[in-house]
Structure formats: structure tokens, C-alpha cells
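Structure, as C-alpha cells:
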Protein chains: 2
Amino acid sequence: MRSVTIRDVAALAGVSVATASRVLSGHPATSPSSRERVEAAVADLGYRPDARARSLRKARTGTIGVLVSDVRNPFFAEIAYAVERRALRAGMATLVCNADESVDQQDRYLDLLVSQRVDAMVVAPQGDGSGSLQEVLGLGIPIVFVDRTLASGGTGVPSITSDNRTGLREAVTHLAGLGHRRVGLVAGPHETSTGRERLRAYRDAAAAAGLDPDPALVVQGDFQQASGAAGARRLLDLADPPTAVVAADSLMTLGALSVLRERGVAVGADVSLVGYDDLPAFALATPSLTVVAHDPARMGALAADAVRDLLAGRAATSTVLPTHLVVRGSTGPARRPA
Amino acid sequence: MRSVTIRDVAALAGVSVATASRVLSGHPATSPSSRERVEAAVADLGYRPDARARSLRKARTGTIGVLVSDVRNPFFAEIAYAVERRALRAGMATLVCNADESVDQQDRYLDLLVSQRVDAMVVAPQGDGSGSLQEVLGLGIPIVFVDRTLASGGTGVPSITSDNRTGLREAVTHLAGLGHRRVGLVAGPHETSTGRERLRAYRDAAAAAGLDPDPALVVQGDFQQASGAAGARRLLDLADPPTAVVAADSLMTLGALSVLRERGVAVGADVSLVGYDDLPAFALATPSLTVVAHDPARMGALAADAVRDLLAGRAATSTVLPTHLVVRGSTGPARRPA
DNA sequence: CGTTTCCATGGAAACGGTTACACGGCACGA
DNA sequence: TCGTGCCGTGTAACCGTTTCCATGGAAACG
């Protein structure tokens with residue numbers, strides 16, 4: 001059962017493949033009569049053009065790759081969705097890949113995207129760009145970073161990120177204002193720019209507010225739910241546990257929250273919690289969560305716009321989107337130690 | 001800046017393209033000496049094989065399409081993730097598409113997947129198969145349905161679904177046992193098999209338990225969060241509102257929950273709520289949500305297995321995964337109307 | 001009426017790989 | 001020594017499309 005090709009269409013329509021191709025791609029120089037017959041033949045045979053063959057001849061594949069860490073993270077799902085939506089409107093297909101917060105897997109997918117000859121990529125990069133990423137950057141494929149950037153700053157790659165520092169600073173300042181002196185942080189991986197920036201913002205803000213600089217208050221997570229739970233446990237088990245905890249991403253927030261509940265800690269009273277990302281579910285928790293909010297849908301849309309610009313040969317502008325603290329019920333006055 | 005082709009590699013290595021190709025694809029009939037030189041040339045030039053060109057000649061593209069309704073729905077995100085993971089292990093790439101609960105968009109993506117010549121598809125189908133879907137089924141592309149099936153049953157397409165009826169029946173029976181007589185349902189769209197089956201199970205179970213058969217207790221949703229909120233509002237605004245509500249998917253559960261909270265209704269006391277899908281966040285709500293649970297990760301993995309079987313020429317088996325009710329705090333004894 | 005212009009068309013060369021086929025050289029057994 | 005067979009290699013066809021170029025006819029113009 002060989003699939004039907006443009007040759008079959010041309011034969012049935014009684015024209016050459018060249019003419020058939022012209023009709024199919026809307027070339028103006030075609031007579032109404034051949035247009036009509038080709039279209040009839042297409043309908044008759046159920047012809048479906050082969051995008052691979054087409055793209056082999058033309059310069060473009062009409063495909064863009066989106067490489068995020070984990071679509072199960074609602075934050076990245078939203079980004080991927082937004083990019084895809086915008087891309088579809090421009091007639092482009094989207095290849096969504098999960099790096100799983102692993103550089104190896106990221107490299108594997110970068111290879112894959114390159115060999116698929118995607119026209120452009122939207123990447124939330126892992127690591128310091130030492131692996132395939134650096135190499136791929138050298139290939140001249142239009143790339144836009146989203147959410148994260150590389151440690152080695154000036155790569156000339158446009159990026160759509162959010163202002164990690166402000167949100168986290170506001171969170172710490174807010175907690176300090178409530179009288180908290182020992183504020184814990186479940187930090188993100190050093191391999192990501194977001195992890196590093198949020199940690200740095202925490203440290204700066206904590207120092208500025210004169211909080212307890214105890215290094216034990218910072219525990220390392222990996223942006224996955226389990227590490228948020230583990231981190232929260234370590235913090236609560238300290239001899240002198242924090243009275244407030246900040247989690248550096250949504251999944252770790254979920255994990256931390258689950259531990260607080262499992263231990264019967266009254267969130268917002270015994271221990272205050274600031275989450276990251278404003279997931280719909282976070283507003284519905286009891287007490288509803290105070291969070292650092294940013295806007296993944298907008299990030300995705302802007303990333304798609306940047307890709308469009310790059311593909312059109314225009315320069316793409318990097319954007320840093322604002323973040324802000326949304327104060328809800330999970331943060332309250334520090335309870336004086338007994 | 002033309003990209004480097006296998007011809008360049010062959011030239012540099014001093015062999016023919018045939019030999020270069022053989023080395024690259026691991027063909028046994030190659031001498032150590034040419035292997036070595038070709039590999040050196042590849043490294044030297046930074047050669048990246050072109051998957052499109054390769055797949056044009058070979059029968060396969062090494063790509064499978066995953067067409068779900070909405071990756072922002074954690075349920076589908078989990079499915080997509082599981083499929084992708086399994087596919088990658090088999091060396092295949094995954095094209096993830098969002099039909100957005102719209103038949104039109106589904107058709108557009110089906111066209112796209114066909115023209116990309118994916119080797120197989122995993123689809124959560126919309127509608128009755130009247131659009132492109134029927135046509136695509138006729139093309140002989142291996143397809144596996146996931147989560148949903150078509151109304152027109154015997155299409156011979158293997159499917160990985162979950163037992164929608166049992167879970168919902170248990171939910172209704174559970175509520176009846178707690179003394180609820182008026183149980184509302186925020187139903188899913190008729191265009192989906194899951195929407196229909198869950199509605200039918202609700203009706204059957206309600207009848208069996210002798211609940212109030214008032215048709216006003218069933219409100220129509222579309223599996224999106226906003227419709228869950230709207231549905232809950234309609235139910236609460238009834239002259240004789242239900243004492244318990246069941247939502248037919250996770251996003252509508254979220255919407256319904258937000259309305260209950262916005263109105264200051266004590267969930268589990270004033271009104272009981274049964275959600276659908278066991279999202280991590282649902283266990284963390286207060287009170288934690290009683291839900292109908294199923295296993296999207298397993299569904300995705302089984303779908304990927306089914307695809308593997310089809311691609312290997314074996315028959316794929318359809319599976320119906322179990323669902324079960326997880327009783328938590330959001331359901332309680334019916335409050336006697338004053 | 002002859003020449004120029006334009007337009008629809010077909011033939012054939014790309015695009016970047018794989019692979020059927022033929023061929024020469026070598027080791028082997030008779 | 002002479003087939004026989006195997007193995008590594010090269011030539012060229014092929015996958016399905018687009019597009020360059022040449023061509024022939026009709027229309028437009030003088």
C-alpha cells in the first residue's frame with residue numbers, strides 16, 4: 001500500500017508534476033483548468049503532501065523545537081502550550097521535549113532537534129552550556145532561551161525570563177516584616193540560572209533585613225516535588241527550625257506543603273510558607289498560599305514572538321518579565337519561640 | 001553557510017558516500033580503516049545527519065504523534081510525558097499537540113501529523129470521528145486511542161482507557177451512603193467518550209441508589225476550569241441546591257472548588273465534593289479532596305507499548321485500567337435541610 | 001502581418017540521505 | 001592452479017517534493 005504521491009496526482013489530472021506542484025502550493029501561474037483537475041485528483045486520491053520531502057527541497061521545515069525541563073510541571077506546560085499555540089497560528093508545528101532536569105537528556109534532545117532540522121528552538125537550558133548546547137549554539141540555528149539562561153552570560157541568545165530577584169526579595173522582606181528571623185529556603189539546582197538567582201536574591205534580602213544568616217537554613221532541591229518534601233523535612237528537623245519557609249518553584253512548594261500537613265504544622269501560624277508560581281490550586285489550598293507569581297503564558301507567547309522575529313531575520317529582544325508577591329493566608333506573624 | 005552533508009564527510013574521508021553512509025548507520029561491511037577515517041571526518045566537520053532525508057528513503061520517520069486535548073491539564077501532561085519517555089527509550093521522537101477540546105483544532109493537527117508522516121499516533125479523540133479522524137483511520141497509520149474512544153465503537157483501534165463507570169459509581173454510592181439525596185454532577189462534553197460514560201454511570205448509580213433524579217442536577221461542562229466554576233454556580237443557585245457535587249474531570253474540579261470557597265461554603269460539611277483525577281494538589285487542599293483516581297502515567301506507558309506492538313506488526317491489546325474512589329475529607333454526611 | 005511579451009507548461013536537476021547491484025581482490029578448498 | 005565465495009567498496013537509482021530553465025502558443029503591439 002504505497003502512499004499516494006504528487007506523481008499519482010499529476011498522472012490522474014493529466015498534467016506534469018511541476019504543474020501539480022504549482023497548483024498545490026498556490027503558485028499564480030496556473031490555468032483554471034489544470035487547477036480544477038489537480039484539485040479533483042487530490043480529492044479523489046486522498047493525496048497528502050509529504051512535509052519531509054517538501055522541507056528537504058525548501059530551506060525550512062516549518063517546525064520549531066521546545067525543550068523544557070518537565071511538562072508535568074504546570075509552569076512549563078503553560079509555556080509549551082503558549083508557544084505551541086502561537087506557532088500553530090503561524091502554520092508551524094511544535095516538537096515538545098522534556099529534559100527532565102538532566103543535562104544528558106537535554107543533550108540527547110538537542111541532537112534530535114538538530115537532526116530533525118527544526119527551524120528554531122525555544123529552550124529552558126540546563127547546566128553551564130558545556131555539553132551539546134554550546135555546540136548547537138554554534139550551528140546558527142535561531143534559539144531563544146525561556147525562563148532560564150546560561151551561566152556564561154553573553155551568548156547573544158535572546159531570552160525571555162522573569163525577574164527572579166524582585167519576587168524573592170519581596171517574599172523575604174514580607175516575612176521579615178512579619179517578625180520572622182529564621183527563614184528557610186528550599187533552593188533550586190545550581191545548574192539553573194533560576195536556581196542561582198533565587199538563592200542569591202534570598203541571601204541578599206536576608207542580609208539586608210538582618211535575618212539569621214545560618215547556612216543550614218538553605219537546603220538544596222532539584223525543582224521536583226520529592227526534593228521539596230525532603231528539604232522541608234530537613235528544615236523542620238533542625239535543632240532550631242525556621243519559622244518561615246520559601247520554596248523556589250511550584251513542585252517543591254507542593255512537596256513542602258505536603259510535609260507541613262503530614263506533620264500537622266499549622267501553615268501560616270506555626271510556620272509560614274511562601275510558594276513559587278501561582279498555580280490555580282495554590283489559591284485554593286487552606287490557608288491559600290502566599291506565592292511569588294509570574295506569568296508563564298506570557299513568557300511562552302513572547303518566546304514565540306522572539307522566534308518569529310529571528311526567523312524573519314529581525315533581531316529579537318530579550319525581555320525580563322516582572323514577578324510579584326501575592327500575599328495570602330499562608331504567611332502570618334512569627335510565633336515567638338516558647 | 002550550507003550545512004555539511006554526508007558528501008562532505010565522504011570527500012574528507014576519501015571514501016564514497018555509500019561507504020560513509022554505511023559507517024554512519026553501523027552497517028557491518030565496513031573496514032576498520034574507513035570507519036576510522038569517516039568518524040574523524042564527522043568529528044572534524046561537525047556533521048549532523050539529516051533525519052528528514054534519511055526517513056524519506058527509509059520507510060520510517062522515527063517519530064510518533066501524541067494528540068491530547070490540553071497539556072495544561074495535568075492528567076494529559078502526565079500521559080504525554082509517559083509516552084514521550086517510553087518513545088525516547090526506543091529512539092523515537094514525539095510530536096505533542098493540543099487539540100484544545102476542539103474538533104477543528106484536532107483536525108488541523110491530524111493533518112499536520114499525517115503530513116509529517118509520523119510512524120504512529122497516540123490520540124485522545126474528540127467528537128464522533130466525523131472529521132479528519134475517520135479519514136486518517138483509513139490511511140493505515142497505526143493509531144492508539146488513549147483515555148477516550150470513539151462513539152462509533154468498533155473501529156478496531158486499540159485503546160487504553162480507564163474504567164470510567166466504576167469510579168463514578170463508587171462516588172455516587174459513597175455519597176448516597178452518607179445520606180445525600182440530591183447529588184449534582186458537573187458533566188463533561190458529550191463529544192467525548194469519557195464525558196458520556198461518566199454521565200451514564202452517574203445516572204445509573206443515582207437511579208440504583210434511589211437518589212433524586214432531578215435533571216437540573218446535571219450541568220454541562222467542557223473539561224475546562226471555567227466551566228467547572230460556572231457549573232458549580234448553577235448548581236448552588238438552584239432553588240433546591242444539591243448537598244453534594246461530583247466533578248467529571250480535574251480542571252472542572254478545580255473550578256468547582258474555587259466557587260465553593262468563594263461563596264464561603266464549608267466543603268465536606270455544607271456541601272460534599274468529589275473530584276476527578278488524583279492530582280497531588282488535591283490531597284493538599286483543606287479539607288483534602290475525595291476523588292476518583294486513575295493512573296495517567298500507566299495509561300501513557302501502556303499506550304506507548306501498544307504503539308510499539310503495532311509498529312512491530314504485532315496486534316496491540318486494548319486495556320481498561322481500574323479507577324477507584326479515594327475517600328478523604330471533602331465528603332461528609334448530608335446536612336439535613338433546615 | 002511580424003515581432004515582442006507574457007503565461008502556462010513540462011523536463012530535469014536539485015535536496016541529503018540509503019541501498020541494490022556490480023565489481024575487484026583476496027583467501028580458501030579442490 | 002583454478003574456480004568459488006566472501007567482503008569491502010563505488011556507482012547510481014531512488015525517496016517526494018520544489019524550482020530553474022526552455023518551450024510553445026496566444027495575445028498585444030507596432
Side-chain angles (χ1 to χ4, degrees), chain A residues 1-39 41-42 45-63 111-112 114-119 139 141, chain B residues 1-39 41-42 45-63 111-112 114-119 139 141:
Chain A
M1 190 172 108
R2 227 183 82 275
S3 82
V4 19
T5 79
I6 201 173
R7 245 168 278 274
D8 305 323
V9 171
L12 181 58
V15 299
S16 71
V17 289
T19 301
S21 170
R22 277 188 277 256
V23 169
L24 288 170
S25 49
H27 190 90
T30 51
S31 73
S33 109
S34 38
R35 249 198 304 275
E36 192 178 297
R37 284 154 66 202
V38 168
E39 269 150 20
V42 164
L45 297 172
Y47 167 73
R48 308 277 192 149
D50 185 324
R52 299 165 305 163
R54 184 201 310 262
S55 77
L56 191 56
R57 186 62 229 268
K58 306 177 74 127
R60 300 204 162 168
T61 54
T63 310
D111 273 0
L112 194 132
V114 170
S115 75
Q116 292 288 341
R117 298 292 191 267
V118 293
D119 292 336
L139 256 41
I141 301 175
Chain B
M1 189 173 107
R2 227 183 81 276
S3 81
V4 19
T5 78
I6 199 172
R7 251 165 271 274
D8 305 322
V9 170
L12 181 58
V15 299
S16 72
V17 288
T19 300
S21 170
R22 277 188 276 257
V23 169
L24 288 169
S25 49
H27 190 90
T30 51
S31 73
S33 109
S34 35
R35 250 198 304 273
E36 192 177 297
R37 284 154 66 202
V38 167
E39 268 150 21
V42 164
L45 297 172
Y47 168 71
R48 307 279 192 147
D50 185 325
R52 299 164 306 162
R54 184 203 312 264
S55 77
L56 194 54
R57 183 64 225 266
K58 305 177 78 122
R60 300 203 163 169
T61 54
T63 310
D111 272 0
L112 194 132
V114 170
S115 75
Q116 292 288 342
R117 299 292 193 266
V118 293
D119 292 337
L139 256 41
I141 302 175

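Chain A is the first sequence line, chain B the second, and so forth, proteins listed ahead of strands; every chain is numbered from 1. All values below come from the heavy atoms of this structure, side chains included, with hydrogens, waters and symmetry mates left out. Keep in mind that what you see is a predicted model, and the values were worked out from it rather than measured.
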message = What I want to check is whether the side chains of B:R35 and B:T30 have a donor and an acceptor closer together than 3.5 Å.
response = yes
query = Where along residues 16-23 of chain B does a heavy atom come under 4.0 Å from DNA chain D, residue by residue in number order?
reply = B:S16, B:A18, B:T19, B:R22
query = What is the distance, rounded to the nearest whole Å, between atom CZ of B:R35 and atom P of D:dC7?
reply = 13 Å
message = Can you measure B:R60 atom CZ to D:dC15 atom P for me and round it to whole angstrom units?
response = 19 Å
request  = Keeping the roles fixed (side chain from A:T61, backbone from A:R117), state whether a donor-acceptor pair exists under 3.5 Å.
outcome  = yes
task = Taking the side chain as every heavy atom from C-beta outward, state whether B:R22 and B:V38 have any atom pair closer than 4.5 Å.
result = no
task = Using modelled atom types only, decide if a donor and an acceptor are shared between the side chain of A:D119 and the backbone of A:R60 within a distance under 3.5 Å.
result = no
task = Find the bend of the helix from C:dC1-D:dG30 to C:dA30-D:dT1 as the angle between its two terminal axes (five pairs each), to the nearest 10°.
result = 50°
remark   = A:D50 CG to D:dC15 C1', in whole Å, measures 9 Å
request  = Taking only the side-chain nitrogens and oxygens of B:R57, find out if one of them lies under 4.0 Å from OP1 or OP2 of D:dC14.
outcome  = no
key: Spacing between B:I6 atom CD1 and D:dG10 atom P, to the nearest angstrom   = 12 Å
message = From NZ of B:K58 over to C1' of C:dG17, roughly how many Å is that when rounded to an integer?
response = 10 Å
message = What is the separation between atom CD on B:Q116 and atom P on D:dG16, rounded to the nearest whole Å?
response = 16 Å
inquiry  = With rounding to the nearest 0.5 angstrom, report the NE2 to OG1 distance, A:H27 to A:T19.
reply    = 10.0 Å
message = In this structure, how many angstroms lie between the P atom of C:dG16 and the CG atom of B:L45, rounded?
response = 14 Å
inquiry  = Applying a 4.0 Å non-hydrogen cut-off, can you work out what B:S55 is touching in the nucleic acid: base, sugar-phosphate, or nothing?
reply    = nothing
request  = Measure from the side-chain N and O atoms of A:R37 to the backbone N and O of A:A13, and report whether any donor-acceptor pair falls under 3.5 Å.
outcome  = yes
ask   = Would you find a donor on one side and an acceptor on the other, under 3.5 Å apart, between the side chain of B:R52 and the backbone of A:S55?
value = yes
note = note: A:L56, atom CG; C:dA14, atom C1'; distance rounded to Å ~ 9 Å
Approximate separation, where rounding is to 0.5 Å, of A:I6 CD1 and A:Y47 OH = 4.5 Å
request  = Examine the base of C:dG16 for any acceptor or donor lying under 3.5 Å from a partner atom in the side chain of B:R54, and report the outcome as yes or no.
outcome  = no
query = Under 3.5 Å, side chain of B:S25 to main-chain N/O of B:S21, donor-acceptor pair present?
reply = yes
query = Are any of A:S31's side-chain N or O atoms less than 4.0 Å away from OP1 or OP2 of C:dC7?
reply = no
